[in-house]
Amino acid sequence: MNTTDVTTVAHGISDFGMMAVTAAFFLLLSAAMMVAIFKWFKAIINQMMQDNKESLQELAKTTNAQNDMLQDISEGLRTETQLRIRNLTGFAFDLSIEQVCRLIKRVREENHIIDHEATAIKIRKSLQVIHNDRNSRFDPFTYRGKPISEYCNTDWVEDVAKVVEGEIYNEDGANNARAYTNVKLAYDNIKTDFYQRLNA
């Protein structure tokens, strides 16, 4: 504090009295403290509200995840859901059996089957088309939150291709009844694999 400040304070005391100057000082100090405390409380309340908002968001995410999980579990436990899927896919797999039997007959008649490599390529391309077409019909239907086509296995194409080749190159010659039986057996195995994937 320099001489001017001392003089100013002394002059204020002489003009207004010691009590007035002291009261003014405490009023200013109180006002400053009130502003500081208000800002402090405001900061605390804002932080509490932000923490509460983040906690509610995290709780909402957890609740949604649990709801999705419970929906998947309950959907898997409902017998009518699996029954509907079995009916829908059963028709599709039965259609595939007919398509494959026609493929065997067509390859026998139209292809130069002595060329094993070219015949094998054509068989697999045709079976892949059948597989993809069936999956496209499964796509609109879901089970446990996923399209039914995701429960299908691309290895099925090769499994059926081996059966088709076995019929085309069978030493006993063409036999449509035998071909149907063997193709149906292959698709029965595919259905079993498909249902196991649904319940895995």
Side-chain angles (χ1 to χ4, degrees), residues 60-113 115-200:
K61 287 180 184 177
T62 305
T63 303
N64 289 338
Q66 288 177 343
N67 286 343
D68 291 341
M69 190 181 300
L70 287 172
Q71 185 177 357
D72 290 348
I73 292 170
S74 66
E75 186 178 28
L77 291 174
R78 288 200 297 264
T79 53
E80 69 269 17
T81 302
Q82 287 205 14
L83 184 60
R84 285 197 303 268
I85 290 173
R86 283 175 181 262
N87 287 336
L88 167 71
T89 56
F91 290 126
F93 287 126
D94 289 344
L95 175 61
S96 296
I97 293 171
E98 297 297 328
Q99 290 172 320
V100 171
C101 288
R102 284 194 218 108
L103 172 66
I104 292 170
K105 187 176 179 183
R106 191 170 69 247
V107 170
R108 274 201 210 110
E109 294 171 354
E110 298 174 4
N111 281 67
H112 184 58
I113 61 174
D115 186 349
H116 286 254
E117 186 176 347
T119 303
I121 291 171
K122 179 169 184 179
I123 289 169
R124 282 158 181 80
K125 280 184 178 177
S126 299
L127 291 175
Q128 189 66 54
V129 168
I130 293 172
H131 180 81
N132 293 343
D133 179 63
R134 186 175 60 242
N135 281 357
S136 70
R137 297 171 194 274
F138 288 169
D139 279 336
F141 304 95
T142 59
Y143 182 69
R144 292 184 169 177
K146 295 192 296 185
I148 295 177
S149 57
E150 288 193 22
Y151 296 95
C152 296
N153 188 354
T154 53
D155 293 344
W156 296 344
V157 173
E158 185 60 30
D159 295 341
V160 178
K162 289 175 182 175
V163 174
V164 172
E165 286 178 328
E167 285 304 316
I168 290 171
Y169 295 108
N170 195 295
E171 294 177 357
D172 295 333
N175 185 324
N176 292 334
R178 183 192 63 223
Y180 178 83
T181 301
N182 289 334
V183 171
K184 185 177 184 307
L185 181 61
Y187 273 97
D188 285 343
N189 291 333
I190 286 171
K191 286 180 189 178
T192 301
D193 182 36
F194 175 71
Y195 298 140
Q196 286 174 347
R197 288 170 178 275
L198 288 176
N199 295 311

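Predicted model only: the values in this text are computed from it and were never measured. Side-chain atoms are counted along with the backbone in the values below, which use heavy atoms only and exclude waters and symmetry mates.
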For the pair Lys191 and Asp94, evaluate side-chain contact (heavy atoms from CB on, under 4.5 Å) and give the outcome as yes or no after the intermediate values. CA-CA 10 Å; Lys191 286 180 189 178; Asp94 289 344; 3.3 Å; yes
Could you walk me through whether Val107 and Val164 pass the side-chain contact (heavy atoms from CB on, under 4.5 Å) test, one step at a time? CA-CA 10 Å; Val107 170; Val164 172; 5.7 Å; no
So with a 6.0 Å cut-off around [atom1] of [X], is the heavy-atom count from everything else above 12?
X	atom1	result
Lys184	NZ	no
Phe91	CZ	no
Lys105	NZ	no
Arg137	CZ	no

In Å and rounded to the nearest 0.5 Å, what is the [atom1] to [atom2] distance from [X] to [Y]?
X	Y	atom1	atom2	result
Arg102	Asn176	CZ	CG	12.0 Å
Arg108	Ile104	CZ	CD1	6.5 Å
Ile190	Cys152	CD1	SG	9.5 Å
Phe194	Phe138	CZ	CZ	5.5 Å
Asn189	Asp193	CG	CG	9.0 Å
Arg178	Asn170	CZ	CG	3.5 Å

Tell me which one of Leu88, Thr142, Asn135 satisfies side chain to side chain contact (heavy atoms under 4.5 Å, CB included) with Ile148.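 It is Leu88; the other options fail the test.
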Would you call [X] and [Y] a side-chain contact if the rule is heavy atoms closer than 4.5 Å?
X	Y	value
Phe93	Asp188	no
Ile123	Ile168	yes
Tyr169	His116	yes

So, Tyr151 side chain and Tyr143 main chain: donor-acceptor pair closer than 3.5 Å or not?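 Checked: pair present.
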Atom of Arg197, atom of Asn153 and distance for their closest heavy-atom approach: NH2-ND2, 2.6 Å
Can you tell whether the side chains of Glu165 and Arg124 come within less than 4.0 Å, N to carboxylate O? yes
